[in-house]
Amino acid sequence: MPINIKKVLVCDAVDKSCVELLEQHGINVTYKLKLPVAELCKEVKNYDAAIVRSDTKITAEVLAAGSGSLKVVGRAGAGVDNIDVPAATAQNVVVLNTPGGNSISACELTCILIGALARPVVPAGQSMKEGRWDRKLYSGTELYGKTLAVLGLGRIGREVAIRMKTWGMRVIGYDPITTEAEAKAVGIEKMTLEQIWPLADYITVHTPLIPATRNLISSETLAKCKEGVKVVNVARGGIIDEQAVLDGLESGKVAGAAFDVYPEEPPKSAVTKALISHPKVVATPHLGASTAEAQVRVAVEVAEQFIALNGTSPKYTSYAGVINKEALAHYQ
């Protein structure tokens, strides 16, 4: 039985293509951006579905307020960290995201940051703006012949591997689900984590943030790495222990780090601020999906899945981004 979605509340800014596609299929869309929790609780009960990005948090309180009306919450982006999925499932609210929509953009930013760690273009460029000519200070290293460890071999991890292989890097990787044959097909040597630590010149993480991946890179794991290892996080804040990296930068164990994501955004903790300001760190403000192409892609993908759940279009029939299929079963 299809889910009857007639009214959608858009809580965070999404590309207009999302609204246009929904309206073309007879779904009414209302924009009410970045509502305070109390206001969101009042509003949500008037809608069948809601669309969020990263800013709005769909908590158990919000889901309880929408009980009986709210059927679907869609995130225009990868991951659902800002949605209480267990609470949604308990309320029979389907949660979905668009895991493939920003893969290329996140992958490209990762590759750019790896390059920026090899060749210090960020401080060199700043020195030029300040009127200096410091060629000798900003000598770098080649990526050719170096070993890149990719932790998490989903869409983004594989795309990173494909691109960095063309730069002449050896790519090794770890993923508990991906098979050795699947990894090999994109040029990755699958290994265990214990095999990876002493081999990697660069480590990039591409996993969700779950208990098993929190502090995946820590003081303990860095101690097993080469002197001068470099780390990159364009996935989720908390996968890499920031204090461990800061300590490693000070001791020389870590030669450089690049972060696009943080445990708290915007960053407020003293540790995160110290990390961002460190001269061997390249820091960006969560730009992984911030391209024109990715914004259109995730907007369209979330709309397509809403339409598919309605069961009214022969063109849009897939809702592959559904996270909690138990809730979906309630409507079938």
Between E159 and R155, is there a salt bridge with N-O shorter than 4.0 Å?
no
For residues K190 and E182, determine if any side-chain heavy atom of one lies less than 4.5 Å from a side-chain heavy atom of the other.
no
Exercise: identify the closest heavy-atom pair between P267 and T272
CB-CG2, 3.4 Å
Test of understanding: clusters of I, L, V, M, F, W, Y form through side-chain heavy atoms closer than 4.5 Å, transitively. Do I114 and I172 belong to the same one?
no
Do D201 side-chain atoms and T147 backbone N/O form a donor-acceptor pair below 3.5 Å?
yes
Taking atom NZ as the centre, does K224 end up with more than 12 heavy-atom neighbours from other residues, nucleotides or ligands that are less than 6.0 angstrom away?
yes
From T291 atom OG1 to I104 atom CD1, the distance as rounded to the nearest 0.5 Å:
10.0 Å
Under the side-chain contact (heavy atoms from CB on, under 4.5 Å) criterion, do W197 and K226 qualify, and how do the steps go?
CA-CA 8 Å; W197 303 129; K226 288 182 178 181; over 6 Å; no
Count I, L, V, M, F, W, Y as connected when their side-chain heavy atoms are under 4.5 Å apart, and connections chain through other members. Are L153 and M164 then in the same cluster?
yes
Taking a hydrophobic cluster as the set of Ile, Leu, Val, Met, Phe, Trp and Tyr residues connected by side-chain heavy atoms closer than 4.5 Å, whether directly or through intermediates, do V245 and I203 fall within one such cluster?
yes
Rounded at 0.5 Å granularity, tell me how far CD1 in I307 sits from NZ in K315.
9.0 Å
For L137, is there any backbone N or O sitting under 3.5 Å from a side-chain donor or acceptor partner on D134?
no
Here the pair of heavy atoms bringing L143 nearest to A118 is CD2-CB, 3.6 Å
Enumerate donor-acceptor pairs with a distance under 3.5 Å from any side-chain N or O in residues 61-78 to protein atoms, sequence neighbours excluded.
unit_1 : atom_1 : unit_2 : atom_2 : d
S67    : OG     : Q91    : OE1    : 2.9
S69    : OG     : K45    : O      : 2.9
K71    : NZ     : N4     : O      : 2.8
R75    : NE     : R53    : O      : 2.9
R75    : NE     : N82    : OD1    : 3.4
R75    : NH1    : A78    : O      : 2.2
R75    : NH1    : G79    : O      : 3.2
R75    : NH2    : S54    : OG     : 2.7

Using the rule that two of Ile, Leu, Val, Met, Phe, Trp, Tyr join whenever any of their side-chain heavy atoms come within less than 4.5 Å, decide whether V93 and L35 are in one cluster.
yes
Evaluate the side-chain proximity of V302 to C18: yes if any heavy-atom separation is below 4.5 Å, no if none is.
yes
Student check: side-chain heavy atoms of L148 and V160 closer than 4.5 Å:
yes
Separation between CG (D81) and NZ (K57), nearest 0.5 Å, reads 8.0 Å
Donor-acceptor contact below 3.5 Å, side chain N97 vs main chain V80
no
Could you check L21 against Y316 for side-chain contact (heavy atoms from CB on, under 4.5 Å), going step by step and ending with a plain yes or no?
CA-CA 11 Å; L21 186 56; Y316 304 116; 3.8 Å; yes
With a sphere of 6.0 Å drawn around CZ of R132, does it hold more than 12 non-hydrogen atoms of other residues, nucleotides or ligands?
yes
Verdict with reasoning, Y262 to E242, per side-chain contact (heavy atoms from CB on, under 4.5 Å)
CA-CA 9 Å; Y262 311 91; E242 293 181 338; 3.7 Å; yes
Is it the case that the side chain of Q305 and the backbone of G321 share a donor-acceptor pair, with hydrogens and angles ignored and the cut-off at 3.5 Å?
yes
Restricting to non-hydrogen atoms, name the atom on V8 and the atom on Y47 that form the minimum distance, rounded to 0.1 Å.
C-CD2, 3.7 Å
Quick check: closest heavy atoms across D260 and L287, and the distance to 0.1 Å?
OD1-N, 2.6 Å
Nearest heavy-atom neighbours spanning Y202 and T141
OH-OG1, 3.9 Å
Would you say that more than 12 heavy atoms from the other residues, nucleotides or ligands in this model lie under 6.0 Å from the NZ of K32, or not?
no
Check: N46 and L9 side chains under 4.5 Å, non-hydrogen atoms
no
I would like to know whether N310 and H25 meet side-chain contact (heavy atoms from CB on, under 4.5 Å); could you show each step before the answer?
CA-CA 10 Å; N310 261 357; H25 287 79; over 6 Å; no
Can any side-chain N or O of S139 pair as donor or acceptor with the backbone N or O of K136 at less than 3.5 Å?
no
Any side-chain heavy atom of E301 sitting closer than 4.5 Å to one from V298?
no
Just how far is it from atom OG1 of T89 to atom CD1 of I323, taken to the nearest 0.5 Å?
10.0 Å
Distance-only side-chain donor-acceptor flag, D241 / S218, under 3.5 Å:
no
Hey, what do you get for CD (E304) to CZ (R297), rounding to the nearest 0.5 Å?
12.0 Å
Contacts of L216 that satisfy side chain to side chain contact (heavy atoms under 4.5 Å, CB included) - sequence neighbours left out
L151, L193, I239
ILVMFWY network linking V232 to V281, side-chain heavy atoms under 4.5 angstrom:
no
Inspect the surroundings of CZ in R170 and state if more than 12 heavy atoms from other residues, nucleotides or ligands are less than 6.0 Å away.
yes
Quick one: pull up CD1 in I83 and CD1 in I58 and give me the separation to the nearest 0.5 Å.
6.5 Å
Would you find a donor on one side and an acceptor on the other, under 3.5 Å apart, between the side chain of N233 and the backbone of R236?
yes
Determine whether more than 12 heavy atoms belonging to other residues, nucleotides or ligands lie under 6.0 Å from atom CD of E220.
no
Within the 4.5 Å heavy-atom criterion, are V282 and L117 side-chain neighbours or not?
yes
Look only at the side chain of E39 and the backbone of P36, and say whether a donor-acceptor pair between them is shorter than 3.5 Å.
no
Might you confirm whether atom CD of E326 has over 12 heavy atoms from other residues, nucleotides or ligands at distances under 6.0 Å?
yes
Would you mind reporting whether L309 and Y331 have side-chain heavy atoms less than 4.5 Å apart?
no
Taking all non-hydrogen atoms of both residues, which atom of I156 and which atom of A106 are closest, and how far apart?
CD1-CB, 3.8 Å
Mark yes or no for whether D15, through its side chain, and Q295, through its backbone, hold a donor-acceptor pair below 3.5 Å.
no
Answer yes or no: is there a side-chain heavy-atom contact under 4.5 Å between D48 and I27?
no
Look at atom CD of E180 and say whether more than 12 heavy atoms of other residues, nucleotides or ligands are closer to it than 6.0 Å.
no
